[in-house]
Amino acid sequence: MKENKNKWVHVRLSEAERRQLQENFSRTTERKISTYARNILLGKPMIKGVRNLTGEAYFRSFSQLLKDLNGAANNFNQAVHKLHTLRQLDQYKPWLVAYEADKRKLMKDIEELKDFINKTAAQWLQ
């Protein structure tokens, strides 16, 4: 059964002490400073480690990359659809210019995604 934490201990710190507490907290895997402080005060073991990026940061980055890729892929599909509707030769040149821009954007987004995956994998494997 989870014990309800309803008792308060107030601690006053100088600005330098607060900065040191925050710095020490940032070098652990703990997510909440209250849990970190409680563990320190009660002499419980702490897991020290480096938080390169939290899961939330990875999720936000992947979500943004996915959104960018979906947008570029959608533009690419629209360009190909428009190609099928063209009837005259003079309509092809503007389409070709737009197609090339969409293709460059898609290739750039794919490269960014590959770079991000490689960097993430390198950090994960450390």
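Remember, predicted model here, so these are calculated numbers, not experimental data. For this chain, numbers begin at 1 and follow the sequence in order. Quick note: numbers below take in every heavy atom, side chains included, and nothing from hydrogens, waters or symmetry partners.
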Asn24 and Thr28 have their tightest heavy-atom pair at O-CG2, 3.5 Å
Nearest 0.5 Å, please: how far is CD1 in Ile40 from CG in Leu21? 8.5 Å
Name all residues meeting the side chain to side chain donor-acceptor pair (under 3.5 Å) criterion together with Glu17; count only those two or more places apart in sequence or in a different chain, and write none if there are none. Ser14
Are Arg38 and Lys5 close enough that some pair of their side-chain heavy atoms sits under 4.5 Å apart? yes
Under the side chain to side chain donor-acceptor pair (under 3.5 Å) rule, collect the residues that match up with Glu112, sequence neighbours excluded. Lys108
Which residue pairs satisfy the side-chain hydrogen bond (donor to acceptor under 3.5 Å, both in side chains) criterion with at least one member in residues 97-107, sequence neighbours excluded? Lys105-Asp109
If two hydrophobic side chains count as joined below 4.5 Å and joins carry through other members, does Ile33 share a cluster with Leu41? no
Under a single-linkage definition using a 4.5 Å side-chain heavy-atom cutoff for Ile, Leu, Val, Met, Phe, Trp and Tyr, are Val9 and Leu13 assigned to the same hydrophobic cluster? yes
With sequence neighbours left out, what residues match Asp68 under side chain to side chain donor-acceptor pair (under 3.5 Å)? Gln64
Decide yes or no for Glu15 and Arg18: does some side-chain heavy atom of the first lie under 4.5 Å from some side-chain heavy atom of the second? yes
Any side-chain heavy-atom pair of Leu66 and Leu113 under 4.5 Å: no
If you round to the nearest 0.5 Å, how far is NZ of Lys44 from OG1 of Thr35? 9.5 Å
Taking only residues two or more places apart in sequence or in another chain, which ones pass side-chain contact (heavy atoms from CB on, under 4.5 Å) with Glu23? Arg27
For the atom pair CG (Asn75) and CG (Asn70), what is the distance rounded to the nearest 0.5 Å? 11.0 Å
Listed partners of Glu111 passing side chain to side chain donor-acceptor pair (under 3.5 Å), at least two apart: Lys114
Closest non-hydrogen atom pair, Glu30 against Tyr36: CG-N, 3.7 Å
More than 12 non-hydrogen atoms from neighbouring residues, nucleotides or ligands closer than 6.0 Å to CD on Gln20, yes or no? no
